[in-house]
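Remarks on the structure that follows.
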Protein chains: 2
Amino acid sequence: MNRRARRKEKTLRRIEDAGWSLFTSRGFEATSTRSIAEAADIAAGTLFNYFPEKRSLLIHLMRGQIDRALDEAFATMAESTLEKELTHVFSALNRCYAKERRLSRVFVKELLFTDGQRRAESAAWTFNLLKRVANIVSNAQRRGELDASIEPMAAAQQVFSIHYFGLVTWLGGTIPSQAVQEEQFTASLRLLLRGLRRSAA
Amino acid sequence: MNRRARRKEKTLRRIEDAGWSLFTSRGFEATSTRSIAEAADIAAGTLFNYFPEKRSLLIHLMRGQIDRALDEAFATMAESTLEKELTHVFSALNRCYAKERRLSRVFVKELLFTDGQRRAESAAWTFNLLKRVANIVSNAQRRGELDASIEPMAAAQQVFSIHYFGLVTWLGGTIPSQAVQEEQFTASLRLLLRGLRRSAA
């Protein structure tokens, strides 16, 4: 890394630290871009070059938190059943959202409604998460637990849909607690595994 | 209905007409509450009494559109298979969102993130929609198409989760078109019907 790249990296760290500290202490709405620039000891224009909107900084920070939580969850996942593996991963994800519930609410609300370049980034990030879930599905197929003819990405999308609706209703306050969300996730997962159709037997 | 109730009803209609006309022509962001009050020929304070926030009026209007579309879809639904019945209903819902895509985007984004009294209303509205889907599931159980031991509301929630994730990714621009969303919905529904597990046979 040359000197210029190192300096850029250092500025980014300062913005991240300032943003996270202000967002978590004051909340997203009450934090101005001016106060972030001041706390990071940079010019407002410099902050704008890195993050043209306050919400792009929040999305960047939340994605960082989630990526770290997921990396750890995948690294500590013992091979067992599909249900246990998925519960392990999505519980880690949920704990991450629960730590900063108010910020998570803003994040989930904004993530899929960004435009332009940020939208492509969000889509790529969601796709990457789906691929990691699809890997869990593939492994269960190799173990003979799941039907081998199922498209892993289709199954992953379904699992993610269940998680996402639970997450939105929990963050939005429609369901009372994260515990209820996790119970519903498990019940839905079991339903998905067995299927709705009346068995021939 | 007494005179006072009739007057209230008339004022509400005027607000609805003014709001819908301005939102659909100018967009949500570009419409001020002042311009709605002017177009409805009422005082700003009167508008505030009916809808304290601009977005509560949008949510009210979009729910009205959706309720009418769903009433019609349920009224014209011929009894056939679960897949066909659900596709009939959710296609009607999707067409309703497609008619005013930009407003739908704001609606979906705001709906589950309202607070206080509006939140209870949103939760009740979503619950009611889930109950109607659960009815379709119950009918399929009575026909012997689905396993009778499945909780209809649990199945309805799963179907709705699939719809919702597709809707959000379509409105957010992550998937290219509504046609792709509908294909994914059908594929997901089939997956849910058969289940992921390897059949014993």
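Please read these numbers as outputs of a predicted model, since none were measured by experiment.
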Test side-chain hydrogen bond (donor to acceptor under 3.5 Å, both in side chains) applied to A:E79 and A:N139, step by step: CA-CA 9 Å; A:E79 184 153 359; A:N139 287 336; 5.8 Å; no

In sequence, state the C-alpha distance, the side-chain angles, and the governing distance for A:E16 and A:H60, and then conclude on side-chain hydrogen bond (donor to acceptor under 3.5 Å, both in side chains). CA-CA 9 Å; A:E16 288 172 344; A:H60 169 79; 2.6 Å; yes

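Ring-plane geometry between B:F185 and B:H163 is classed as perpendicular, the angle between the planes exceeding 60 degrees on a 0 to 90 degree scale with a lower cut at 30. Relative orientation of the A:F160 and A:F90 rings is tilted, given thresholds of 30° and 60° on the angle between their planes.
A:I136 contributes atom CD1, which lies 9.0 Å from atom CZ of A:R132 (distance to the nearest 0.5 angstrom).
Only the side chain of A:Q184 comes within less than 4.5 Å of a heavy atom in chain B; its backbone stays farther off. Residue B:I150 touches chain A through its side chain alone, counting heavy-atom pairs closer than 4.5 Å. Contact annotation for A:A155: both backbone and side-chain heavy atoms come within less than 4.5 Å of a heavy atom of chain B. Heavy atoms closer than 4.5 Å to chain A are found nowhere in B:F127, neither backbone nor side chain. For chain B, the nearby part of A:Q158 is the side chain; its heavy atoms alone come within less than 4.5 Å.
When the shell of 6.0 Å around CZ of A:R13 is examined, it contains more than 12 heavy atoms from other residues, nucleotides or ligands.
Interface summary for chain A: among B:A120, B:G195, B:A140, B:G166, the most heavy-atom pairs under 4.5 angstrom belong to B:G195. Highest contact tally toward chain B, considering only A:A154, A:G144, A:A187, is held by A:G144 [criterion: heavy-atom pairs under 4.5 Å].
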